[in-house]
Structure formats: structure tokens, C-alpha cells
Chemist: 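Quick one: the structure is below, and I'll ask about it shortly.
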Amino acid sequence: MLRFVRAHKERIDKIITRWLKRHLQRLGAEVDLNQLNSLVEDKDMLAENLENWAQQERQEGEKLGIEKGEKLGIEKTARNLLKLGVLSDEQIAEATGLALDEVAKLRTEGQR
């Protein structure tokens, strides 16, 4: 087997490189893989592109986490305002920035 790999190293490299490029494109990698022609020759470029891609994914995840936290905080504020029973759904929607139907949904959840 090792003899076969050594004998066909260049062809195997091209096949794996082509598969990896297609796979990363399907995953939505926002890195330029056009210059990647060989995993053997372009190890540094591939490593840099994969690191950049991983860093972008981490940043997007952190951003989504912050946005989700903000949304949960706003919903908690709306629930507290609903518990007070002083404001209308329209006033709560205006104060929190939530859509009126979201406030109505929170009201029905609170009544359960």
C-alpha cells in the first residue's frame, strides 16, 4: 500500500486537494481557495486560510451569542412590564423594540 501511495503521490494530492476545496466551498468557507493547488506544496497557505476561516466562525458565534443575550434581556424586561400590568402591549412593544405580536406571545406565555 505504501508503495502505491508513493508511486501515485502527485495524483492523490490533486484528488484530495480538489475534494477539500469543494467540501470547504459547500460549507460556505469565505476564504480564497483558488490559489490552492496542492496540499503538499501549499501547506502554509492552507493552514492560514483554515485559521482565518475558524476565526471568522468564532467571531460570528460570539456575535450571535451577544445578540441572543440581548434578545433574552429585552424579553425579560417585557415580561416584567407585563407582570406590572400597567402598560398596554403597544406601549411595551414601543418601549422594548419588540414587535407587537412578540409581546402578545409573551403575555400568553405568562398566563399559562
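Treat the numbers as computed from the prediction; the structure is a model and nothing was measured. The analysis underlying the following values was restricted to heavy atoms, covering all of them including side chains, and did not include hydrogens, waters or symmetry mates.
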Chemist: Kindly indicate whether the side chain of Ile74, heavy atoms from C-beta on, has any atom under 4.5 Å from the side chain of Lys71.
Modeler: no
Chemist: For Glu70, check side chain to side chain contact (heavy atoms under 4.5 Å, CB included) against everything at least two apart and list the hits.
Modeler: Ile66
Chemist: How many angstroms lie between CG in Leu72 and NZ in Lys68, if you round to the nearest 0.5 Å?
Modeler: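 Rounded to the nearest 0.5 Å, the CG-NZ separation comes out at 6.5 Å.
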Chemist: Taking all atoms of both residues into account, what is the closest heavy-atom pair of Leu98 and Val103, and its distance?
Modeler: CB-CG2, 4.0 Å
Chemist: Which heavy atom of Leu82 sits nearest a heavy atom of Arg107, and at what distance?
Modeler: CD2-NH2, 3.2 Å
Chemist: For the side chain to side chain contact (heavy atoms under 4.5 Å, CB included) test, which of Leu87, Leu106, Val86 pairs with Leu81?
Modeler: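 Testing each of Leu87, Leu106, Val86 against Leu81, the sole residue satisfying side chain to side chain contact (heavy atoms under 4.5 Å, CB included) is Leu87.
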Chemist: According to side chain to side chain contact (heavy atoms under 4.5 Å, CB included), who are the partners of Glu94, at least two apart in sequence or on a separate chain?
Modeler: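 Side chain to side chain contact (heavy atoms under 4.5 Å, CB included) list for Glu94, sorted by chain: empty.
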Chemist: Going by the rule side chain to side chain contact (heavy atoms under 4.5 Å, CB included), which residues pair with Lys76 if we only count those two or more places apart in sequence or in a different chain?
Modeler: Asn80
Chemist: Do the side chains of Glu109 and Arg79 get nearer than 4.5 Å, heavy atoms only?
Modeler: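 Answer yes - side chains close enough.
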